[in-house]
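Below is one structure, written out as structure tokens; comments come after it.
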Amino acid sequence: MADQQSDTINQMRHAGNMPLPETVALVLQGGGALGSYQAGVIEGLQGSGIGIDWVAGISIGAINAAIVAGNPPEQRVEKLKAFWDRMTSSLPSFPIFPNDMVREFVHEWSAGMVLATGVPGFFTPHLLPPNFAAPGSAGALSYYDSAPLKETLDSLIDWDLVNDGPVRLSVGAVDVISGNFRYFDSAIERLDARHIMASGALPPGLPPIEIDGSLWWDGGLVSNTPLSHVLDHQEHGMLVFQVDLFSAATEAPRTIMDVMAREKEIRFSSRTRQVSDQVMKLRQEREKIRRLLAKLPAAMNDDADVQALVALSAEQPVNLVQLIYKANAWEGGSRDFEFSARTMREHWEAGLASIDLAMSNAQLVTENILTGKSAAFDLCPKQGLKRSGPELD
């Protein structure tokens with residue numbers, strides 16, 4: 001066992017002083033304009049020397065994920081900046097205002113402008129409201145046209161690299177007719193702009209996207225995190241960075257805007273925490289099975305039921321680093337569609353700061369990778385990474 005562990009350590013890649021397992025995955029939640037926080041995290045990972053092997057996303061996370069998979073490492077940050085600069089080009093970079101009340105007013109005004117005029121390179125309003133469009137027509141199914149997004153994606157992403165390159169890409173969407181959720185995965189099928197647009201086609205704002213005769217909507221309607229897909233297909237030891245855009249826990253709301261913001265946080269974040277908790281609970285149960293099997297006499301090793309339990313409980317170690325965007329006091333219920341340049345840069349800087357803090361206190365993760373253990377970690381302000389549940393042997 002010691003020799004096997006030593007061989008595993010010798011085969012590991014390194015990012016500075018941090019060893020990396022065979023697979024590093026980046027899991028990106030949906031959240032509209034908040035996605036620039038993920039871009040900051042991606043830049044931080046790049047600066048830390050952490051290469052990504054698999055990136056999975058929902059909605060805006062799917063767009064950021066596709067830009068990562070569809071560009072060589074040295075071009076990813078540049079292309080992400082080009083995307084986010086385009087998204088925020090119609091709104092000015094507002095000055096810092098003296099108090100949160102004024103800042104919140106400007107924030108909501110910016111979001112109102114997006115509702116009225118759309119987002120450059122992303123979506124534009126239909127000339128006619130959907131109520132006046134012919135039933136069944138494209139204009140009757142949404143308030144906006146997302147056709148500009150295809151041109152944006154095609155200009156920033158090398159689809160041959162997505163499908164034939166070293167980084168696996170997975171994006172989630174839901175079938176409008178059946179209600180079934182699925183992942184489009186570059187390891188299984190060839191992906192293009194349609195699959196990314198489908199993952200972000202949030203109704204009733206954006207229209208469904210047709211792929212091979214089926215209509216698809218935003219995967220966040222069913223699950224706002226692709227973590228389960230990544231872990232269900234895990235084949236090697238894995239380090240996962242899960243980047244969430246909505247916080248599960250916060251203070252009680254004080255205004256109606258706080259209520260709107262909190263409703264979205266609960267709707268989109270509770271599932272990600274639920275998935276994370278279920279994943280670690282399942283691994284605890286498998287660990288108990290392995291411990292029991294180790295106590296059985298050798299004569300039972302060939303028993304069919306014992307072999308079935310061995311197969312059921314087998315798994316590779318995973319360390320899950322959860323990075324969650326913490327909203328500012330002035331960010332209300334419109335935070336996911338407020339595409340101003342200043343807010344985008346603040347989100348981006350927050351993502352960079354999160355990675356800096358995480359990497360400055362990554363000893364626990366490093367120890368787990370070296371010893372083959374599994375655990376989940378949360379990023380706590382000023383404290384860095386802190387184990388969020390029991391460590392699994």
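A quick note: this is a predicted structure, and the numbers were derived from the prediction, not measured.
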To the nearest 0.5 Å, atom OG of Ser36 lies from atom CD of Glu346 at 9.5 Å

Can you tell me how far OG of Ser374 sits from CD of Gln284, rounded to the nearest 0.5 angstrom? 11.0 Å

Inspect the contact between Lys81 and Glu78 and indicate whether a charged nitrogen and a carboxylate oxygen are less than 4.0 angstrom apart. no

With rounding to the nearest 0.5 angstrom, report the NZ to CZ distance, Lys281 to Arg286. 13.5 Å

Would you please test Asp232 and Gln234 for side chain to side chain donor-acceptor pair (under 3.5 Å) and show each step? CA-CA 6 Å; Asp232 285 346; Gln234 180 184 1; over 6 Å; no

Indicate yes or no: at least one non-hydrogen side-chain atom of Gln316 is less than 4.5 angstrom from one of Met238. no

Apply side-chain hydrogen bond (donor to acceptor under 3.5 Å, both in side chains) to Glu43 and list each qualifying residue two or more places apart in sequence or on a separate chain. Trp348

Side-chain donor-acceptor pairs under 3.5 Å in residues 204-217, sequence neighbours left out?
none

Apart from Ile289 itself, what residues make up its hydrophobic cluster when side-chain heavy atoms of I, L, V, M, F, W and Y under 4.5 Å apart count as a link, directly or indirectly? Leu293, Leu296, Met300, Val306, Leu309, Val310, Leu312

Nearest non-hydrogen partners of Arg387 and Ala375, listed with the distance: NE-CB, 3.9 Å

By ring-ring contact (aromatic ring centres under 6.0 Å, His included), which residues pair with Tyr325, not counting sequence neighbours? Tyr37, His347

Out of curiosity, does Tyr144 fall in the hydrophobic cluster containing Leu128 (side-chain heavy atoms, cut-off under 4.5 Å, transitive links)? no

Is there a path of hydrophobic side-chain contacts, each under 4.5 Å between heavy atoms, that joins Ile188 and Val171? no

Answer yes or no: is there a donor N or O on one side and an acceptor on the other, between the side chain of Arg290 and the main chain of Ser313, under 3.5 Å? yes

Considering non-hydrogen atoms only, spot the tightest contact between Pro226 and Tyr183 and give its length. CA-OH, 3.0 Å

Mind listing the closest non-hydrogen atom pair of Ala193 and Lys150 along with its distance? CB-CG, 4.0 Å

Under the side-chain contact (heavy atoms from CB on, under 4.5 Å) criterion, do Val167 and Asp53 qualify, and how do the steps go? CA-CA 5 Å; Val167 179; Asp53 305 295; over 6 Å; no

Leu169 vs Asp185 side-chain heavy atoms within contact, under 4.5 Å: no

Answer with yes or no whether the side chains of Thr23 and Trp54 bring together a donor and an acceptor at under 3.5 Å. no

Only counting residues at least two apart or in another chain, list the ones meeting side-chain hydrogen bond (donor to acceptor under 3.5 Å, both in side chains) with Asp218. Ser59

Set of side-chain hydrogen bond (donor to acceptor under 3.5 Å, both in side chains) partners for Gln307, sequence neighbours left out: none

Look up atom CD in Glu315 and atom CG in Leu282, then write down how far apart they are to the nearest 0.5 Å. 7.0 Å

Nearest heavy-atom approach of Asn368 to Phe377 is ND2-CZ, 3.8 Å

Are side-chain N/O atoms of Glu338 and Thr343 paired as donor and acceptor at under 3.5 Å? yes

Is there a donor-acceptor contact under 3.5 Å from the side chain of Gln29 to the main chain of Phe246? yes

Closer than 4.0 angstrom, basic N to acidic O: yes or no for Arg345 and Glu349? no

Validation row: Val230, Ser170 side chains within 4.5 angstrom (heavy atoms): no

Heavy-atom distance under 4.5 Å between the side chains of Arg190 and Asp164, does that happen here? yes

Please list, chain by chain and in numerical order, all residues satisfying side-chain contact (heavy atoms from CB on, under 4.5 Å) with Glu189, sequence neighbours excluded. Arg182, Phe184, Leu191

Are any non-hydrogen side-chain atoms of Leu320 and Leu227 less than 4.5 angstrom apart? yes

Sidechain-backbone polar pair: Ser48 side chain, Ile50 backbone, donor-acceptor under 3.5 Å: no

Any side-chain heavy atom of Val318 sitting closer than 4.5 Å to one from Val240? yes

Could you check whether Thr152 and Ser155, counting side-chain N and O atoms only, form a donor-acceptor pair closer than 3.5 Å? no

Report yes if some heavy atom in the side chain of Leu34 is under 4.5 Å from a heavy atom in the side chain of Ile60; otherwise report no. no

Checking one residue: Leu141. Which other hydrophobic residues are in its cluster under the side-chain 4.5 Å linking rule? none

Nearest non-hydrogen partners of Ala66 and Ile196, listed with the distance: CB-CD1, 3.8 Å

For the CG atom of Leu156 and the CD atom of Glu151, what is their distance to the nearest 0.5 Å? 10.0 Å

Can you find a pair of side-chain heavy atoms, one from Lys326 and one from Leu379, that are under 4.5 Å apart? no

So which pairs with a foot in residues 126-143 pass side-chain hydrogen bond (donor to acceptor under 3.5 Å, both in side chains), sequence neighbours left out? His126-Ser142

For the residue pair His233 and His229, categorise the inter-ring angle as parallel (less than 30°), tilted (30 to 60°) or perpendicular (more than 60°). tilted

Carboxylate-amine/guanidinium proximity below 4.0 Å for Asp158 and Lys79: no

So, using ring-ring contact (aromatic ring centres under 6.0 Å, His included) as the criterion, who are the partners of Phe122 when residues are at least two apart? none

Could you tell me whether the side chain of Asn319 and the main chain of Lys373 form a donor-acceptor pair under 3.5 Å? yes

Please assess Asn64 against Trp84 for the test side chain to side chain donor-acceptor pair (under 3.5 Å), listing each intermediate value before the final yes or no. CA-CA 10 Å; Asn64 286 329; Trp84 285 101; 3.2 Å; yes

Contacts of Asp175 meeting salt bridge (charged side-chain N to carboxylate O under 4.0 Å, His left out) (sequence neighbours excluded), chain-then-number -> none

Heavy atoms from other residues, nucleotides or ligands near CD of Glu235 exceed 12 (cutoff 6.0 Å): no

Please report, to 0.1 Å, the donor-acceptor pairs under 3.5 Å made by any side chain of residues 111-120, with sequence neighbours excluded.
from: Thr117; atom 1: OG1; to: Met113; atom 2: O; distance (Å): 2.7

Heavy-atom pair with the smallest gap, counting every atom of Pro72 and Leu161: N-CD2, 3.7 Å

Spacing of Leu323 atom CG and Ser354 atom OG [to the nearest 0.5 Å]: 6.0 Å

